[in-house]
Structure formats: C-alpha cells, structure tokens
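To start, the structure itself, in structure tokens.
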Amino acid sequence: MKKKLIPCIYLKHKMAVTGFDDLTVIETEPVRLVQKFCDAKADEILVFDLSKEDKEHEEAIDKLREICEASTVPVIGAGNVRRMEDIKKLLYAGCKRACLNYSLEGNIELTKEVSDKFGKDKIIACVKDSSELNDNLPVIKAYTSTVLCLDRDVYRTEDKDSLKGIKFIISLPNILLDKLIEYMKFDEVEGITGAVVNNNADDLLKIKDLVGETYTPFSAFKLNSDGLIPVIVQDYKTGQVLMLAYMNEEAYEKTLRTGQMTYFSRSRQSLWLKGETSGHFQYVKSLSYDCDADTLLAKVEQIGAACHTGAYSCFFNDIITYDFEEKSPLSVLTDVYDVIMDRKVNPKEGSYTNYLFDKGIDKILKKVGEEATEIVIAAKNPNANEIKYEISDFLYHVMVLMAEKGVTWDEIMKELANR
C-alpha cells in the first residue's frame with residue numbers, strides 16, 4: 001500500500017487556523033496553503049470545516065470548492081457533518097472523500113445511508129478514541145473505506161485480527177521525523193496527517209525517500225541500445241497523445257519521487273525536467289508499462305503546451321487523414337459546444353442557435369423544458385430510436401444554455417467525476 005502524507009487545513013471564517021483548539025489565523029487565503037502543499041508533493045489534503053452556524057458553514061463550503069479547484073491532489077472534506085446533505089455538499093464541492101465524525105451518534109446511524117448512496121470508497125469514519133473504533137467495527141468494515149484516527153494510538157489494539165481489512169489515516173502531533181517514519185511503516189496505515197505533516201511540508205519528498213516506497217524497478221524494463229526506455233505521454237483527461245520522450249534510470253526514479261515528469265534529453269545528454277524553463281510542467285497521474293516491458297505510458301496533467309513550438313501536442317503534422325466520424329463522446333460534445341460558442345461570438349444570419357441567443361435566457365429555458373418533456377413522452381414509445389433523437393435535441397439545447405451561462409464541458413465532466 002502506498003503511504004500517503006496528508007497535510008491538513010482547518011477552516012474558520014474562510015481562513016486557515018492552527019487547529020481545533022487554537023483558532024490563531026495562519027493564512028487568510030487557504031488556497032495559498034493548498035498550492036504550497038501541492039508543490040511539496042502531498043498525496044492528499046484534509047480540510048476540516050470548524051464552522052458552527054449555517055451561514056458560516058455555507059461560506060466554508062464555498063471556500064472548500066475553491067480549494068478543490070486549486071488542488072492538483074485529492075481533497076478529503078471533514079467537519080460539520082450531521083446529515084446526508086452535508087456529505088453531499090462536501091462531495092459536490094469537489095472532495096474525493098468525506099469524513100463522518102463518530103463522536104456524533106447520529107453519524108454512526110448515517111453511515112449506511114451515505115455509503116449506499118455515494119459508495120463506501122467515498123466515506124471515512126473519524127474516531128477520537130479506541131471505544132469509538134471498537135464499538136463500531138461492524139459498521140466501519142461494512143460501509144467505510146478508511147478510519148481517520150485523531151488519537152495516534154487508537155488503532156493499536158491487542159486484537160489485531162479485528163482490524164484486518166481496515167485502512168488507517170493517523171493524525172500525529174509534531175513528533176520527531178524518525179517516529180513519523182515508524183508510523184508510516186505499519187502495514188495498516190494508509191497515511192499520516194496532522195501537525196507533524198503540516199510542520200514538515202517542505203520535507204515531504206525527503207520523508208518518502210526515507211520510508212522507501214516500493215515501485216517497479218527500472219531493471220524490470222527492456223531498454224533500447226542507448227539504455228533508455230521510450231515514454232508515451234497522454235493528457236489524463238482527454239487521452240490525447242502529447243509527446244514521446246525517453247527516460248534513463250535516474251529520470252525514472254526522479255519522476256516517481258517528485259511526481260513531475262523528468263526525462264533524459266538525448267540531444268543534451270542530461271536530465272530534463274519538463275517545464276523547468278517554460279513553466280509547462282507535467283504532473284504524473286499514472287505511470288504504466290506495456291506487455292513487453294519496453295515502453296512506458298504516462299498520463300499527466302499538462303500545464304500549458306507540451307510541444308516546444310507552442311502547440312498543445314507535438315503530434316500536429318498530418319500525413320494522411322480519411323474522413324471519419326468522431327466517436328469519442330466528450331470530443332463530439334466538445335465539438336458541438338465549440339460550434340455553439342462560435343455562433344455566439346460570430347453570429348450567422350439564419351442560424352437557429354443565434355435565434356435562441358437573441359431571444360434570451362427565458363426562451364432557452366423554455367426550449368430545455370420542452371425537450372425534457374419530449375424525452376419523457378418518447379420513453380413511453382417502444383421504439384428506442386425516438387428517445388435517441390429527443391435526447392440529442394435536449395443535449396443541444398442544454399449546450400446553448402451552458403454557452404449562455406459560461407459553463408464548459410470540462411467543468412461538467414469534473415463535477416460528474418466528483419460524484
């Protein structure tokens with residue numbers, strides 16, 4: 001199991017404070033903390049909402065949404081959860097997982113309901129002492145993915161067999177690094193959070209090195225005559241091939257250690273951190289190798305352009321192209337959306353799309369409602385073709401609405417992925 005280092009942000013009045021019992025403001029804009037933690041190669045970020053009043057809670061959710069947008073790593077949401085709607089707000093704000101505080105009895109009863117709706121992999125049980133853990137083991141095992149322990153010794157029990165199958169995130173105070181590393185080496189520990197991680201954010205990479213995470217060794221690959229392995233690089237969201245580069249052992253190990261794509265430049269005969277001079281970094285989302293172990297495939301988050309020419313992808317010189325229909329759902333939707341946006345910017349006489357834009361939001365909404373009703377009517381017809389036509393009409397009008405409101409497919413897809 002990969003060991004995670006998970007810095008924590010405590011939100012109070014939309015600002016980051018020291019902790020539960022110390023509300024000293026340490027950062028007025030928490031997004032800056034997020035960027036610091038991401039740059040330090042944190043694996044996840046845990047955010048506690050310390051608000052009490054409903055208005056402050058809504059403000060915290062808005063700030064949490066900003067944090068999730070800014071973070072390049074998954075965010076865990078916690079704090080002020082008492083009902084299904086609170087879990088929904090955390091996940092819909094962009095959190096990959098949400099915590100249920102087991103000090104509140106109602107949350108224990110809520111666990112099955114939220115797990116059934118969102119999936120157990122989205123739910124973390126938060127416990128403060130061994131009794132909260134041991135008294136609720138059946139619920140925890142059945143309906144949660146992980147236990148967040150606010151006391152470092154909660155998970156230590158004589159009955160180790162009872163904890164089999166449970167993963168733990170341990171919150172630790174600002175202890176010595178050698179003690180932190182000791183905790184990280186326990187098999188059942190998924191990750192470490194708390195003051196010890198926050199106060200050592202600049203040393204996260206060093207800590208991971210000391211723990212010695214295991215990866216496929218470079219010696220497992222079949223190399224070319226230069227002792228290198230080719231790397232195909234894809235955009236993790238769209239699947240678009242961005243570039244082809246090469247790695248030696250040092251570049252491979254640095255990529256794994258830092259989470260940023262590092263290659264071996266054959267022309268310069270030296271290591272090459274992608275983006276070091278241009279700022280167009282590539283952050284690793286996944287790294288895999290093929291059946292012959294002679295090629296790597298990297299899926300990355302590309303900042304800026306991948307190609308030195310300024311093109312997003314290096315593959316823009318066509319040799320031969322046959323007419324074909326694009327089959328990728330996202331590509332089709334994006335292409336249609338782009339045409340709609342072009343009509344908005346460059347009106348065309350006689351265009352139905354421009355007619356809708358000219359009539360305004362009320363007309364667009366009326367058409368969306370009408371098309372939704374047509375879907376319902378078509379669904380009662382045994383002929384499946386009719387519902388395909390109606391859904392297509394509906395999606396077109398929804399895209400006109402998206403264009404009118406400035407919402408993109410990237411934003412919609414990200415929202416769907418969060419759910």
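Residue numbers run from 1 in the order of the sequence given.
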For Tyr263, run the side-chain contact (heavy atoms from CB on, under 4.5 Å) check against Val233, Asn248, Leu271, Leu273 and tell me which one passes. Val233

Other residues, nucleotides, ligands: >12 heavy atoms within 6.0 Å of Lys88 NZ: no

Identify whether the distance between the nearest side-chain nitrogen and carboxylate oxygen of Lys55 and Glu58 falls below 4.0 Å. no

Please lay out, stage by stage, how Lys96 and Glu44 fare under the test salt bridge (Lys or Arg N to Asp or Glu O under 4.0 Å). CA-CA 9 Å; Lys96 294 299 182 185; Glu44 287 184 273; over 6 Å; no

Go through the steps to decide whether Glu370 and Lys367 satisfy the test salt bridge (Lys or Arg N to Asp or Glu O under 4.0 Å), and finish with yes or no. CA-CA 5 Å; Glu370 289 175 356; Lys367 290 301 297 182; 3.3 Å; yes

Indicate yes or no: does Lys3 engage Glu190 in a salt bridge with an N to O separation below 4.0 Å. no

Please check if any side-chain donor atom of Gln260 sits under 3.5 Å from a side-chain acceptor atom of Thr255, or the reverse. no

Any pair with a residue in residues 400-411 that passes side-chain hydrogen bond (donor to acceptor under 3.5 Å, both in side chains), sequence neighbours left out, goes on the list, sorted by first then second residue, please. Thr408-Glu411

Hey, are the side chains of Ile61 and Tyr92 touching, using non-hydrogen atoms and a 4.5 Å cut-off? no

Kindly indicate whether the side chain of Val34, heavy atoms from C-beta on, has any atom under 4.5 Å from the side chain of Ile9. yes

Between the main-chain N or O of Lys254 and the side-chain N or O of Thr258, is there a donor-acceptor pair closer than 3.5 Å? yes

For a side-chain contact (heavy atoms from CB on, under 4.5 Å) with Val81, tell me which candidate from Leu104, Asn101, Leu100 qualifies. Leu100

For the side chain of Thr144 and the backbone of Ile140, is there at least one donor-acceptor N/O pair under 3.5 Å apart? yes

Please report the closest heavy-atom contact between Gly304 and His280, naming both atoms and the distance. CA-CD2, 3.8 Å

Aromatic plane relationship, Tyr352 with Tyr355 - under 30° parallel, 30 to 60° tilted, over 60° perpendicular: parallel

Close side-chain approach of Ile229 to Asn224, heavy-atom, < 4.5 Å: no

Describe, in one word, how the ring planes of Tyr289 and Phe221 are oriented to each other, choosing from parallel (under 30°), tilted (30 to 60°) and perpendicular (over 60°). perpendicular

Using the side chain to side chain contact (heavy atoms under 4.5 Å, CB included) rule, take Leu64 and Val75 through it: C-alpha gap first, then chi angles, then the decisive distance, then the call. CA-CA 9 Å; Leu64 183 59; Val75 174; 4.2 Å; yes

Using the six-membered ring of Tyr236, assess whether NZ or CZ of Lys299 lies under 6.0 Å from its centre and within 45 degrees of the ring axis. no

Establish, from distance only, whether the side-chain atoms of Ser51 and Asn80 form a donor-acceptor pair under 3.5 Å. yes

Run the numbers on Asp235 and Tyr312 for side chain to side chain donor-acceptor pair (under 3.5 Å), then give the verdict. CA-CA 10 Å; Asp235 184 303; Tyr312 187 66; 2.4 Å; yes

Going by atom types alone, do Tyr252 and Thr262 pair a side-chain donor with an acceptor below 3.5 Å? no

Do you know the tightest heavy-atom contact between Val73 and Asp43? CB-O, 3.6 Å

Tell me whether the count of non-hydrogen atoms from other residues, nucleotides or ligands lying under 6.0 Å of CZ in Phe315 goes above 12. yes

Are any non-hydrogen side-chain atoms of Ile364 and Leu401 less than 4.5 angstrom apart? yes

Quick one, Leu11 and Leu50 - any side-chain contact, counting heavy atoms below 4.5 Å? no

Would you call Glu66-Lys63 a salt bridge at under 4.0 Å N-O? yes

Is Trp272 close to Lys274 at the side-chain level, that is, under 4.5 Å between some pair of heavy atoms? yes

Would you check, one step at a time, whether the test side chain to side chain donor-acceptor pair (under 3.5 Å) holds for Ser265 with Tyr246? CA-CA 7 Å; Ser265 170; Tyr246 293 83; over 6 Å; no

Run Leu242 and Gln234 through side chain to side chain contact (heavy atoms under 4.5 Å, CB included) and show every step you take. CA-CA 5 Å; Leu242 301 178; Gln234 280 184 301; 5.9 Å; no

Looking at Arg65 and Asp62, is any side-chain nitrogen of the basic one under 4.0 Å from a carboxylate oxygen of the acidic one? yes

Between Asp22 and Thr18 (side chain of the first, backbone of the second, donor and acceptor by atom type, cut-off under 3.5 Å), is there such a pair? no

Taking the ring centre of each residue, are Phe20 and Phe48 less than 6.0 Å apart? yes

Less than 4.0 angstrom from a charged side-chain N to a carboxylate O is my criterion; do Lys14 and Glu56 meet it? no

Would a 4.5 Å heavy-atom cut-off, applied to side chains only, mark Lys348 and Asn354 as touching? yes

To the nearest 0.5 Å, what is the distance between OG1 on Thr216 and CG on Leu296? 9.5 Å

Between the NE2 atom in His57 and the NZ atom in Lys89, the distance rounded to the nearest 0.5 Å is 4.5 Å

Is it true that, when you exclude Lys128 itself, more than 12 heavy atoms of the residues, nucleotides or ligands shown sit nearer than 6.0 Å to its NZ? no

With distance as the sole test, does Asp129 use its side chain to make a donor-acceptor pair with the main-chain N or O of Glu132 at under 3.5 Å? yes

Does CD in Glu27 sit with more than 12 non-hydrogen atoms of other residues, nucleotides or ligands closer than 6.0 Å? yes

Check whether any side-chain heavy atom of Lys4 sits under 4.5 Å from a side-chain heavy atom of Ile192, and report yes or no. no

Closer than 4.0 angstrom, basic N to acidic O: yes or no for Lys112 and Asp116? yes

Quick check: does any side chain N or O of Asp290 sit under 3.5 Å from a backbone N or O of Asp294, one acting as donor and the other as acceptor? yes

Please check if the side chain of Thr295 supplies one atom and the backbone of Pro230 the other of a donor-acceptor pair under 3.5 Å. no

